[in-house]
Enquirer: 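If you scroll down you'll find the structure; I have some questions about it.
Keep in mind it's a predicted model, so treat the numbers as computed, not measured. The sequence lines fix the lettering, A, B, ..., with proteins before strands; numbering per chain opens at 1.
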Amino acid sequence: MAPSIIKKKKTATGFIKAIESGSKHLLLKRFTLRFPEQKLKFVGDGYQFDPKRGVGIAGARGRHILFHEKCTGCQLCAITCEGIAEAIGMVKITEKWKQNKKGIMPQIDYGKCVFCGLCVDACPFYALFMTNDFELSSFTKEHLIYTPAQLAVKPKYDGSVDIKIDKRGAWHG
Amino acid sequence: MSKEYDREFEKKFQETTRLGLEVVKESEEDRLMTLSVGPQHPGSGHFRFTIKVDGDYIVYCDPDPGYVHRGEEKMSEYRNFIQNIPHLERPVIHDSTNITYSYSLAVEELLGVEVPRRGQFIRAIASELNRQVYTLYWLAIYGIFLGHSTMFMWPAGDRELFIDLLTALSGARVTHAYNIPGGVRNDAPDGFKEKCLQYVKYFEKRLVEYEDIFYNNPLFRQRTENVGVLTKEDAINLGVTGSVLRASGIPHDIRKVEPYDVYDEIDFKVQYMKTCDSFARAYVPFLDMRESCNIIKQLLDKMPDSGEVRLKLQSNPKGQPGESYKRVESGRGALGYYIVSDGSPKPYRVKISVGSFRNILALPHLLVGSKLGDMPSIYWALNYWPVEADR
Amino acid sequence: MATAPKEFRFGNFVASIVWLVFWILVIVTLVVLPLIFVILFFVPLPYAGDEVLTPYLFFSMMVDPTRTVPIIDFLIHTDLFRAAIFPGFAYAAIIAAATIYIERKFLAKMQLRTGPLYAGRFEGILQLIADGFKLISKEVIIPSGADKPLFWATPVIFVATAAAATALIPVAPGWVASNLDVGILAIFAILGFFPLLALLFSWASNSKYPFIGGLRALHQLIAFEIPFILSALPIVLLSGSLNLSEMVESQYLFWFFAVAPISAFVFYISSLAELERVPFDLPEAESEIVAGWLTETSGMIYGLIQLGTYVKLYVLAALFVVLFLGGWMGPQIFPQELIPNYTGEKIYNATVVNGIFWFTLKTFGMIMLILLPRGINPRIRIDILLHTGWYKLIVLAFINIFIVLTLIYGGIITPGGLQ
Amino acid sequence: MMSSNISKNPENDHKINQSSQKNNHNQTNLKDLDPNNSNNFIDQNLNLENSIYSEISSKFTNKVKLKYSKFKRIKIYVEPEDIVEVAEFLKTNIGFDHAESVCGTDYPDDNSIEVIYHLSSYSREDLSPIIFALSTKTSRDNSRLPSLIRVFNSVEYHERETFEMLGVYFEGHPRNERFLLPEDWADIPPLRKDFQIKGR
């Protein structure tokens with residue numbers, strides 16, 4: 001737009017409008033998300049990738065989930081992550097899987113992982129997806145390293161709150 | 001330490017009086033107080049500039065960036081094109097789609113590929129939403145810099161709306177890694193279009209509130225009008241970019257000047273002001289936000305409903321030898337990537353030309369001669385993001 | 001993870017309890033009781049009914065309700081009670097604490113956020129106590145080059161001066177700690193201490209940013225002292241006396257606000273500057289000079305200065321109410337006696353309670369008004385501040401003085417209220 | 001609606017598609033850049049870019065060699081001695097008034113550091129989309145270049161950073177010193193190829 005020369009507001013109207021706008025907000029609802037009681041609802045149950053079509057499916061990028069029955073130990077995720085955060089290391093596993101000759105599966109160190117999801121993009125066997133559980137804090141760095149067995153467990157995340165907007169402003173309902 | 005100083009001062013003092021000379025004369029240097037608005041200062045972020053203050057006037061300013069230098073350019077030479085995305089968005093994580101946008105464009109030119117139409121639309125929408133997130137965060141910090149705590153809370157709150165949209169789109173709140181050479185990582189979830197329209201309509205009503213309580217507040221006007229005036233010639237000479245340039249009367253916006261992807265199909269007006277002062281540099285991003293709202297609306301209804309969003313590239317794409325320079329309008333101005341590739345999957349040289357690094361040249365130019373009280377309103381109106389400038 | 005003590009045994013626990021009870025009994029009988037007798041010996045004892053109230057009579061009366069009322073009546077009217085508890089420091093401190101809580105909630109609501117929430121069961125009501133414990137438990141760091149005695153003495157003096165000012169405010173008819181004939185001058189004298197204290201503290205902390213903050217505090221408070229005093233002048237003209245209680249009494253027909261609105265506005269703006277509230281909070285402007293003259297404060301030193309600031313806020317709000325809004329004047333809404341035709345001794349006095357109610361209501365209204373600018377205004381620059389202080393406000397103050405003078409010598413209003 | 005060129009079989013995906021005029025990519029191979037044969041890179045339909053190049057080559061006949069002239073991108077190579085002269089000409093006659101970035105690239109195999117000034121224009125509307133790359137070369141061991149700070153003083157910090165990162169000393173630049181790296185950086189300039197990141 002052509003530079004509108006904003007007309008010099010008289011100080012009195014400026015203050016009155018500011019007070020009016022400020023006090024108008026006393027009636028609007030509060031916007032804060034009270035985290036432990038309210039948890040945000042994410043779309044779907046985690047980011048997935050379909051190697052055939054070469055495109056991902058929208059979802060929150062939280063903790064990984066590893067499907068042991070599909071993982072072939074091809075180390076593609078480890079090679080991809082090596083350039084990004086070196087968070088994935090391959091470890092021997094005890095059970096025998098026929099499709100996993102070498103018997104190795106990814107172990108993810110969440111102290112280093114940046115949750116970019118490129119390992120999910122790199123996995124050609126639908127074995128590694130992401131869930132929408134992001135509460136991974138622990139007391140020691142070692143506890144942040146998730147073994148393949150831990151990664152196989154489907155986390156329970158019960159977020160049910162999202163942003164609602166109506167006449168009285170926006171709030172987390 | 002103070003003990004020796006006193007003794008030495010004492011000696012000098014007696015000496016002069018004993019010899020009948022007049023008392024220790026105050027040299028020019030003593031009158032100035034050197035203040036380091038340092039890396040650990042609520043008023044500067046991870047960036048330091050030393051100022052010499054004579055009473056309340058600043059007489060000397062020397063910016064000293066580099067406290068958060070990560071060597072992005074060196075790191076990108078050791079990673080292939082896709083692996084570069086997560087670390088290339090780190091310089092300014094809350095504008096991450098824009099900063100990797102020109103990288104993806106440049107790499108696509110090297111690979112000689114072109115992104116499907118729906119992918120280009122989603123990429124443009126994500127970058128517009130991300131521009132809103134950045135400008136709101138910048139506006140919030142600008143408010144608290146001037147002591148207006150409400151102006152920190154409202155934008156920080158409304159920023160959550162756009163972060164919520166981007167989380168639905170890309171999966172991560174801030175570090176999206178959503179913009180990949182070849183398109184976007186995943187398709188928009190269903191119901192995204194209605195939710196986005198609803199949030200944008202609500203946000204436009206919020207913008208009117210910002211104007212009432214902040215921009216038309218006489219005290220804010222007093223603190224920013226004709227403060228730190230950067231004339232049009234100086235702006236061109238110093239090569240500043242983005243809202244700092246548009247506030248000095250030059251309507252230069254890369255989305256209009258060199259439209260990339262689908263921006264040539266969108267009709268929007270470049271927002272600029274002619275008053276060249278700190279108020280203009282604060283008001284132009286506000287006008288940009290309002291203009292972005294209607295850009296998002298246009299993008300949403302021009303977007304094809306179905307179609308691919310991402311090219312199926314080889315896992316380790318090799319770029320043709322050659323070089324490409326692509327630039328994009330990020331929150332802080334023209335953000336250009338100059339990539340040289342020598343045929344291997346890893347780029348030979350990546351040079352990132354960011355808006356902050358070019359805008360900070362205006363800081364000493366503007367600060368010298370202004371008052372100490374103006375330092376926050378001038379410094380933050382330059383739209384400077386320390387981490388991005390250091391790369 | 002709180003680990004249980006090494007070898008916790010129930011026996012040791014019971015033994016420690018018994019040992020504790022034993023020592024309490026010994027100390028109370030041997031030390032505390034004689035101490036009470038000594039104190040009661042020197043304190044002038046009242047007449048309970050017909051005989052002198054001796055300690056033994058006092059203890060025996062604990063059980064006889066008819067006699068306790070005169071004692072409480074006596075204790076309430078002693079000067080110590082007035083200065084320390086009711087119209088004095090404790091009342092001010094309670095209102096100050098309430099102000100801190102209200103400000104955080106009011107500001108939060110204006111900014112669409114929730115403010116303190118988890119401290120007490122309901123909406124963070126115990127946040128104040130939590131902050132108090134935090135400040136008390138925090139270590140007080142005195143910078144190396146600091147002038148130690150000055151560094152920890154100034155906050156204490158800061159609170160003392162704020163408390164001294166509360167002693168002069170008339171809360172209800174007859175209820176004022178010291179009913180000086182030159183009340184208004186005394187308050188301005190006490191309020192004149194604060195710039196000195198700000199500079200003293202910033203000089204004592206021996207570092208750059210506080211030094212700049214201290215200078216700014218000095219400039220600001222001096223610049224706003226004159227309009228502050230000039231705006232009180234019309235009230236003195238109208239009420240014809242310097243005594244604050246008489247000022248309030250002379251507003252029985254109409255509030256002086258109606259006659260001197262401009263000086264009320266000037267008084268309000270200068271009190272914002274005295275309190276270093278947002279439009280004028282340059283002395284501790286975070287984004288320019290870190291935290292101004294409060295940069296080196298930590299732990300209880302910060303706590304004291306905060307308490308002093310909020311007591312000063314109460315004092316200025318109360319002063320505005322006394323000068324412009326007719327102090328404790330208000331329609332009588334409390335019944336004359338609580339229990340119909342009750343003849344015995346009673347403390348309840350309808351006019352006093354009504355006065356206290358109206359005074360507190362107006363003071364809280366005024367406090368809300370003082371809190372409002374923090375939500376809607378940015379900070380202004382030092383030269384704009386001095387310009388407003390020296391030029392604009394003084395001129396406005398003079399305008400109102402002339403208006404009041406014309407009213408008085410025009411015969412419309414005579415000193416001592418409308419005749 | 002432009003047909004989306006997605007095909008199911010992957011191998012022809014990354015074939016160069018000459019389809020749209022918008023971003024045609026006549027790539028030039030970095031290695032076989034023969035400077036003297038300048039007409040094999042001019043694209044017939046880029047009139048604005050060619051007019052600029054013809055203007056420059058008419059003034060500096062043998063000093064200026066065209067590297068490529070793509071869609072809104074021109075790159076010319078100039079010897080270090082007359083770069084200041086060409087820069088002044090670009091600024092006054094043609095209207096490129098500021099530098100977007102200064103990029104130094106290290107080529108160890110032909111022992112040269114190439115420094116490119118990406119110029120653009122704010123004052124002239126029609127020129128603003130064009131990025132004009134003005135490049136020079138210096139040797140790796142004794143790298144000295146005349147600074148363009150007199151012509152474009154927007155290059156001050158860029159040149160200082162290039163000095164620090166690649167060791168190219170810019171004569172005439174007021175402050176060739178430490179800018180982004182920590183004060184105690186004792187290693188060789190990091191952006192040179194022989195500076196290896198540990199553990200890679």
Side-chain angles (χ1 to χ4, degrees), chain A residues 1-6 8-15 17-22 24-25 31-33 40 42-44 46-49 51-62 76 80-85 114-118 121-122 124 130 132 134 162-163 165-166 169-170 172, chain B residues 78-80 82-87 150 154 157-158 160-161 164 167-172 175 177 180 182-189 191-192 198-199 201-202 206 208-209 212-219 221 249 269 271-275 279-280 283 287 291 308-313 315:
Chain A
M1 93 188 166
S4 71
I5 308 301
I6 291 130
K8 189 88 183 69
K9 277 235 179 331
K10 288 185 300 306
T11 45
T13 51
F15 276 122
K17 272 197 86 60
I19 293 170
E20 178 251 340
S21 159
K24 196 163 46 171
H25 279 71
F31 186 70
T32 328
L33 168 74
L40 272 178
F42 290 118
V43 171
Y47 174 73
Q48 284 141 18
F49 189 77
K52 279 198 194 45
R53 285 179 49 236
V55 76
I57 294 114
R61 294 210 295 253
L76 266 180
T80 312
C81 197
E82 198 180 70
I84 300 168
V114 290
F115 296 97
C116 64
L118 284 173
D121 287 15
M130 286 175 128
N132 47 24
F134 54 86
D162 52 16
I163 297 180
I165 296 181
D166 75 352
H172 284 94
Chain B
Y78 288 82
R79 290 163 171 74
N80 69 32
I82 302 290
Q83 284 173 337
N84 264 329
I85 292 288
H87 85 84
T150 309
W154 287 357
D158 294 339
E160 280 303 311
L161 297 173
D164 191 54
T167 316
L169 207 58
S170 71
T175 55
I180 287 267
V184 275
R185 295 266 306 275
N186 56 359
D187 202 336
F192 174 76
Q198 184 198 10
Y199 285 2
K201 280 197 182 59
Y202 169 71
R206 293 291 298 151
V208 176
E209 299 297 340
D212 281 352
I213 204 155
F214 189 59
Y215 285 103
N216 295 336
N217 193 320
L219 296 181
R221 283 291 182 78
K269 285 180 291 302
Q271 309 297 326
Y272 69 101
M273 280 177 71
K274 282 205 169 59
T275 48
F279 177 73
Y283 200 63
L287 298 174
E291 197 57 38
E308 284 302 314
V309 285
R310 179 179 179 183
L311 267 182
K312 190 160 183 338
L313 291 180
S315 68

Enquirer: Please tell me if the side chains of Asp121(A) and Arg310(B) come closer than 4.5 Å, counting only heavy atoms from C-beta onward.
Expert: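 Contact flag for Asp121(A)/Arg310(B) side chains = yes.
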
Enquirer: For the atom pair CD1 (Ile19(A)) and CG (Asp212(B)), what is the distance rounded to the nearest 0.5 Å?
Expert: 12.5 Å

Enquirer: Below 4.5 Å, heavy atoms only, C-beta onward: do Gln198(B) and Ile165(A) meet side chain to side chain?
Expert: yes

Enquirer: If you take all heavy atoms of Pro189(B) and Val43(A), which pair is closest and at what distance?
Expert: CB-CG1, 3.6 Å

Enquirer: Please give me the minimum heavy-atom distance between Trp154(B) and Ser21(A), naming the atom from each residue.
Expert: CH2-OG, 3.8 Å

Enquirer: Among all residues two or more places apart in sequence or in another chain, which pass the side chain to side chain contact (heavy atoms under 4.5 Å, CB included) test with Ala60(A)?
Expert: Phe42(A), Asn132(A)

Enquirer: Using non-hydrogen atoms and a 4.5 Å limit, figure out which bit of Phe49(A) sits close to chain B: side chain, backbone, both or neither.
Expert: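 For Phe49(A), side-chain heavy atoms alone lie under 4.5 Å from chain B.
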
Enquirer: Decide, yes or no, whether a salt bridge links Asp187(B) with Arg53(A) under the criterion of side-chain N to carboxylate O below 4.0 Å.
Expert: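 No, this pair does not count.
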
Enquirer: Let me know if Ile82(B) has heavy atoms under 4.5 Å from chain A in its side chain, its backbone, both or neither.
Expert: both

Enquirer: Which heavy-atom pair separates Ala58(A) from Ala168(B) by the least distance, and what is that distance?
Expert: CB-O, 3.9 Å

Enquirer: Determine whether a donor-acceptor pair (N or O, by modelled atom type, separation under 3.5 Å) exists between the side chain of Arg185(B) and the backbone of Gly117(A).
Expert: yes

Enquirer: Say you draw a straight line from OG1 of Thr150(B) to NE2 of His25(A); how long is it, rounded to the nearest 0.5 Å?
Expert: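 It comes to 9.0 Å.
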
Enquirer: State, with a plain yes or no, whether a side-chain heavy atom of Ile163(A) is found less than 4.5 Å away from one of Tyr199(B).
Expert: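 With C-beta onward as the side chain, the pair touches.
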
Enquirer: With only heavy atoms counted, which part of Pro51(A) is less than 4.5 Å from chain B, the side chain, the backbone, both or neither?
Expert: backbone

Enquirer: Donor-acceptor pair, distance only, cut-off 3.5 Å: does the side chain of Arg79(B) make one with the backbone of Gly83(A)?
Expert: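 Between the backbone of Gly83(A) and the side chain of Arg79(B) there is a qualifying donor-acceptor contact (under 3.5 Å).
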
Enquirer: Please state whether the side chain, the backbone, both or neither of Asp164(B) comes within less than 4.5 Å of a heavy atom of chain A.
Expert: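 The side chain, not the backbone.
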
Enquirer: Below 4.5 Å, heavy atoms only, C-beta onward: do Leu118(A) and Gln83(B) meet side chain to side chain?
Expert: no

Enquirer: Pick one of side chain, backbone, both or neither for Ala170(A), based on which atoms fall under 4.5 Å of a heavy atom in chain B.
Expert: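 Both parts, backbone and side chain.
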
Enquirer: If you take all heavy atoms of Asn217(B) and Ala18(A), which pair is closest and at what distance?
Expert: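 Between these two residues, the closest heavy atoms are ND2-CB, 4.2 Å.
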
